[in-house]
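Note on naming: letters A, B, ... go to the chains in the order of the sequence lines (proteins, then strands), and numbering restarts at 1 for each one.
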Amino acid sequence: MPELPEVETIRRDLLPVVRGRTVRSAWISPDAPRLAQLVPAEAFCRGLVGQRIEDVGRRGKYLLIHLEGGLTWIVHLRMTGRLQHGRDGCPDDPYLRAKFGLDDGSWLCFMDLRKFGTMWLVDDVDLVTGKLGPEPLDDAFDVGAFHGALKRRSAAIKAVLLDQAVLAGVGNIYADESLFRAGIDPRKAAQRISRPAAGRLHEAVVEVLLEAVGDRGSSFSDYVDAQGKAGYHHLKVRVFRRTDEPCFVCGTAVRRVKVGGRGTHFCPKCQRR
DNA sequence: CTTATTCCCTGATTGC
DNA sequence: TGCAATCAGGGAATAA
């Protein structure tokens, strides 16, 4: 499942191969009717053809392909979406939902088993990303403001970490990993997190995300980078999907519970309420 | 404003 | 073994 580190890896992969390229053709599969947002697929494709790619950015889990002339092509991969660059065409994949031909003969290929992925073509990025919280790897991710946001929420800290309006880009994997590193029980009410604990969590989120970016993301199931290769960070996780396996710190069996409707993994000894 | 629940989607897993 | 029910989860929509 692509979270901030996975989307950032794709951004970095795509930037040098698509910058300066012009979209020559666009196709969206009729079996992916929800892929193009706001406008029908045909209008979306028409709007994209002829556009030159100026830059590739990211906001949270959203990939921002900035086009010359002010439009931005926004891609969200959700659960199983993949965005790959093909030198001479797209992979022969039954879940290929869209493909975009570039003026150097290469292709941008979008695969998505579960069809949750979405794209927008907008002149105002804020229309899509306006409600997102701070970027955890920017200076804008301030400890004091973070603790203040937690103070206002009675929900479990795990659920609040997943709220993109509090913090942009953290999903299930990195929420569990960050809480483990900070030694906080994921079920603890966010408003009961002390200032020192909020400081530890702030630091843990940044560390975990930086390490995962360095490892080119985690490939638990579907995620691959823009070349179709897996990341490495799933080999290093401490709790995520390690149910009943021993904690690397204390040996206690990792527990799995549901928090905010999401599978949640933690060490009952290292992470206390 | 908040929180909890449902939905989208399909392959993998679980249960009888 | 076989088939149906459940699970996985990001985020939008909806209910309360």
Exercise. Which part of the nucleic acid, if any, lies within contact of A:K258, taking any heavy atom under 4.0 Å across all strands shown: a base, the sugar-phosphate backbone alone, or nothing?
Worked result: sugar-phosphate

For this session: Under 4.0 Å between any heavy atoms, over every strand shown, what does A:G261 touch: base, sugar-phosphate, or nothing? Just pick one.
Result: nothing

For this session: With the side chain of A:Q164 defined as its heavy atoms from C-beta on, choose the nearest nucleotide among C:dG9, C:dG11, B:dT2.
Result: C:dG11

For this session: Please lay out, stage by stage, how A:E8 and A:R12 fare under the test salt bridge (charged side-chain N to carboxylate O under 4.0 Å, His left out).
Result: CA-CA 6 Å; A:E8 177 62 18; A:R12 292 180 183 184; 2.7 Å; yes

Exercise. What does A:R152 touch in the nucleic acid at a heavy-atom separation under 4.0 angstrom: a base, only the sugar-phosphate, or nothing?
Worked result: nothing

For this session: Respond yes when some side-chain nitrogen or oxygen of A:R262 is under 4.0 Å from OP1 or OP2 of C:dG11, and no when none is.
Result: no

Exercise. Does a side-chain N-to-carboxylate-O contact under 4.0 Å join A:R200 and A:E203?
Worked result: no

For this session: Please tell me which of A:A159 and A:L113 maps to the more 5' nucleotide of DNA chain B, matching each residue to the nucleotide holding its nearest heavy atom.
Result: A:A159

Exercise. What's the spacing between A:E3 CD and A:N172 CG if we round to 0.5 Å?
Worked result: 7.0 Å

Exercise. Between C:dC7 atom P and A:M79 atom CE, what is the distance in whole Å?
Worked result: 15 Å

Exercise. Hey, does the Lys NZ or Arg CZ of A:R242 hover above the aromatic six-ring of A:F180, less than 6.0 Å from the centre and inside 45° of the axis?
Worked result: no

Problem set entry | CG on A:L161 to CD1 on A:I184, rounded to 0.5 Å | 8.0 Å

Seminar exercise, completed: By nearest-heavy-atom nucleotide on DNA chain B, the more 5' of A:Y95 and A:S154 is A:S154

Problem set entry | Approximate separation, where rounding is to 0.5 Å, of A:E6 CD and A:L77 CG | 10.0 Å

Exercise. Does the side chain of A:R256 get closer than 4.0 angstrom to OP1 or OP2 of C:dA8 through an N or O atom?
Worked result: yes

For this session: Establish, with yes or no, whether the OP1 or OP2 oxygen of C:dG11 is under 4.0 angstrom from a side-chain nitrogen or oxygen of A:H76.
Result: yes

For this session: Taking the two cysteines A:C247 and A:C267, decide whether their SG atoms are closer than 2.5 angstrom.
Result: no

Exercise. Atom CG of A:L132 and atom C1' of C:dG11: how far apart are they, to the nearest Å?
Worked result: 11 Å

For this session: Give the rounded distance in Å between these two atoms: CG of A:D163 and C1' of C:dG9.
Result: 16 Å

Problem set entry | Test salt bridge (charged side-chain N to carboxylate O under 4.0 Å, His left out) applied to A:R216 and A:D13, step by step | CA-CA 10 Å; A:R216 303 184 56 80; A:D13 285 356; 2.8 Å; yes

Quick test: give all pairs of protein nitrogen or oxygen and nucleotides 4-6 of chain C nitrogen or oxygen below 3.5 Å, distance rounded to 0.1 Å.
none

Exercise. Using a cut-off of 4.0 Å on non-hydrogen atoms, how would the nucleic acid contact of A:T80 be classed: base, sugar-phosphate, or nothing?
Worked result: nothing

Exercise. Does A:K115 place a side-chain N or O at less than 4.0 Å from the phosphate oxygens OP1/OP2 of B:dT10?
Worked result: yes

Exercise. Are A:K61 and C:dG10 close enough that a side-chain N or O sits under 4.0 Å from OP1 or OP2?
Worked result: no

For this session: Whole angstrom is fine here: how far is it from CZ in A:R114 over to P in B:dA12?
Result: 10 Å

Exercise. Does A:R34 make a side-chain N or O approach to OP1 or OP2 of B:dC8 shorter than 4.0 Å?
Worked result: no

Problem set entry | Side-chain heavy atoms of A:Y95 within contact of A:T80, under 4.5 Å | no

For this session: Please state whether the rings of A:Y62 and A:W120 are parallel, tilted or perpendicular, taking 30° and 60° as the class boundaries.
Result: tilted

Exercise. Looking only at heavy atoms, which two atoms of A:I53 and A:V18 are closest? And how far apart?
Worked result: CB-O, 3.5 Å

For this session: Verify the stacking flag for A:F116 against C:dG11: centroid separation must be under 5.5 angstrom and the ring planes must differ by under 30 degrees.
Result: no

Problem set entry | Within 6.0 angstrom of A:K269 NZ, more than 12 heavy atoms from elsewhere | no

Seminar exercise, completed: To the nearest angstrom, the CE-P distance between A:M111 and B:dC9 comes to 20 Å

Problem set entry | Residues A:R181, A:E177: salt bridge by 4.0 Å N-O rule | no

Could you pull out the protein-nucleic contacts involving nucleotides 13-16 of chain C (nitrogen or oxygen on both sides, under 3.5 Å)?
none

For this session: Rounded to 10°, tell me the angle between the two end axes of the helix from B:dT2-C:dA16 to B:dC16-C:dG2, each built from five pairs.
Result: 70°

Exercise. Side chain of A:R78, base of C:dG9: donor and acceptor closer than 3.5 Å?
Worked result: no

